[in-house]
Amino acid sequence: MSDHPSNDDHVLPDGGEVPRETISIPSEVELPRLLDFYELQDAEHTQIHEFYENLRDGRFTTTECRECGELHFPPRIVCPECTSDDLEYVDLPHEGEMYSFTEVRGTSAIGMNEDTPFVAGVVDLGQIRLSARVDDASYEDLEIGSEVRLKIVEIDGPTDQDRVFYRFTPV
């Protein structure tokens, strides 16, 4: 007995043929929500939605604990120092300096490698340091201590939400 189907294998017992259909494979695949690295930013999906609302309005903020005075970034809903949930949003500076940085040249996440290389680093804002992408600069353009300024980017992605995020650019 052969492993290959014979011409009779596509004939049904009633004499009809097995139904066939042609399908198409898309030439472009839309980025699935699972691979979208920017969180949903409304009150229904995150408890730090105020951070995104402030950012959308041009304010760069984070949380500060009213109990112990600790400043947190990213914003929190409970203070990691004293476990108080009495936090308030406070403004952060829009300018800082590079504390460290590197260049991402490739092998970035699926769907996010169209614009490599890019610079990512740690920005010192005085009271806190945070990681961020640095636009409009190559690795060779920067040095430790280079001044950078906040840039707000709008996220155009696989949701119908208006989303924003932060980056920095050289001064």
Side-chain angles (χ1 to χ4, degrees), residues 27-66 68-81 85 87-171:
S27 60
E28 193 172 301
V29 177
E30 198 170 308
L31 179 68
R33 172 73 187 112
L34 179 63
L35 296 177
D36 180 356
F37 296 100
Y38 296 99
E39 69 181 337
L40 298 176
Q41 299 173 352
D42 60 358
E44 180 182 344
H45 294 96
T46 181
Q47 293 183 40
I48 63 165
H49 58 90
E50 190 174 338
F51 168 76
Y52 297 108
E53 292 165 8
N54 292 340
L55 194 57
R56 203 171 284 107
D57 291 339
R59 290 181 56 217
F60 194 41
T61 60
T62 196
T63 51
E64 182 175 50
C65 179
R66 289 183 175 133
C68 72
E70 191 70 23
L71 192 65
H72 320 103
F73 197 88
R76 310 291 168 89
I77 60 170
V78 173
C79 178
E81 298 299 317
D85 62 356
L87 305 174
E88 67 178 327
Y89 278 85
V90 296
D91 289 314
L92 290 172
H94 287 204
E95 292 189 5
E97 57 184 49
M98 295 306 303
Y99 180 78
S100 67
F101 59 95
T102 190
E103 184 174 61
V104 177
R105 295 179 183 201
T107 67
S108 57
I110 295 172
M112 299 184 76
N113 57 358
E114 297 84 24
D115 59 349
T116 55
F118 61 85
V119 175
V122 176
V123 175
D124 187 339
L125 294 177
Q127 292 181 295
I128 62 165
R129 292 180 183 143
L130 54 90
S131 61
R133 181 168 164 161
V134 181
D135 285 350
D136 305 326
S138 68
Y139 182 85
E140 292 78 19
D141 297 334
L142 298 171
E143 58 186 47
I144 302 302
S146 291
E147 293 183 24
V148 290
R149 178 177 297 130
L150 177 70
K151 173 184 177 181
I152 298 171
V153 293
E154 295 183 13
I155 308 301
D156 182 21
T159 72
D160 59 357
Q161 287 194 2
D162 292 328
R163 297 182 297 160
V164 294
F165 207 69
Y166 64 92
R167 294 182 180 176
F168 286 82
T169 59
V171 173

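Nothing here was measured: the structure is a model prediction, and the numbers come from that model. Position 1 is the first residue of the sequence; numbering continues from there.
In this structure, Phe73 and Tyr166 have perpendicular ring planes: the angle between them is above 60°, well past the 30° mark. Using a 30° and 60° split on the angle between ring planes, Phe60 and Phe51 fall in the tilted class, from 30° to 60°.
In this structure, OG on Ser146 lies 13.5 Å from CZ on Phe168, to the nearest 0.5 angstrom. Taking OG1 from Thr62 and CD from Glu50, the interatomic distance works out to 11.0 Å, rounded to the nearest 0.5 Å. With values rounded to the nearest 0.5 angstrom, Glu88 atom CD is found 11.0 Å from Thr61 atom OG1. Rounding to the nearest 0.5 angstrom, the gap separating the CD1 atom in Ile48 from the CD atom in Glu53 is 11.0 Å.
Leu87 and His72 get closest at one heavy-atom pair: CD2-CE1, 3.7 Å. Between Thr63 and Arg76, the shortest heavy-atom distance links the atoms OG1-N, 2.9 Å. A pairwise comparison of heavy atoms in Glu70 and Cys79 identifies CB-SG, 4.2 Å as the closest pair.
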message: For Gln41 and His45: C-alpha separation, side-chain torsions, deciding distance, then whether side-chain hydrogen bond (donor to acceptor under 3.5 Å, both in side chains) applies.
response: CA-CA 6 Å; Gln41 299 173 352; His45 294 96; over 6 Å; no
task: Under the side-chain contact (heavy atoms from CB on, under 4.5 Å) rule, what do Tyr89 and Asn54 come out as? Steps first, then yes or no, please.
output: CA-CA 9 Å; Tyr89 278 85; Asn54 292 340; 4.0 Å; yes
message: With side-chain contact (heavy atoms from CB on, under 4.5 Å) as the criterion, how do Val134 and Met98 come out once you've worked through the C-alpha distance, each side chain's angles and the decisive distance to 0.1 Å?
response: CA-CA 9 Å; Val134 181; Met98 295 306 303; 3.8 Å; yes
message: With side-chain contact (heavy atoms from CB on, under 4.5 Å) as the criterion, how do Thr46 and Leu40 come out once you've worked through the C-alpha distance, each side chain's angles and the decisive distance to 0.1 Å?
response: CA-CA 7 Å; Thr46 181; Leu40 298 176; over 6 Å; no
task: Quick one: do Ile152 and Phe165 satisfy side-chain contact (heavy atoms from CB on, under 4.5 Å)? Show the steps, please.
output: CA-CA 6 Å; Ile152 298 171; Phe165 207 69; over 6 Å; no
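Under the rule for a salt bridge (Lys or Arg N to Asp or Glu O under 4.0 Å), Asp85 has no partner lying at least two apart in sequence or in another chain.
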Acceptor/donor pairs from residues 118-129 side chains to any protein atom, 3.5 angstrom cut, sequence neighbours excluded:
residue : atom : partner : partner atom : Å
Asp124  : OD1  : Gly126  : N            : 2.7
Arg129  : NH1  : Tyr99   : OH           : 3.3

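Between Glu147 and Pro170 the shortest side-chain heavy-atom distance does not fall below 4.5 Å. Between Leu71 and Val90, the closest side-chain pair of non-hydrogen atoms falls below 4.5 Å. Inter-residue side-chain proximity for Cys65 and Glu81 is flagged as unmet; no heavy-atom pair is nearer than 4.5 Å.
For residues 55-65, the salt bridge (Lys or Arg N to Asp or Glu O under 4.0 Å) pairs, not counting sequence neighbours, are Arg59-Asp91.
The environment of Tyr139 atom OH is sparse: at most 12 non-hydrogen atoms of other residues, nucleotides or ligands sit within 6.0 angstrom. For Glu154, the CD atom counts as loosely surrounded, since its 6.0 Å shell holds 12 or fewer non-hydrogen atoms of other residues, nucleotides or ligands. Under a cut-off of 6.0 angstrom, the local environment of CD in Glu95 is crowded, with over 12 non-hydrogen atoms contributed by other residues, nucleotides or ligands.
Of the possible polar contacts, none joining the His94 side chain to the Arg149 backbone as a donor-acceptor pair under 3.5 Å is found.
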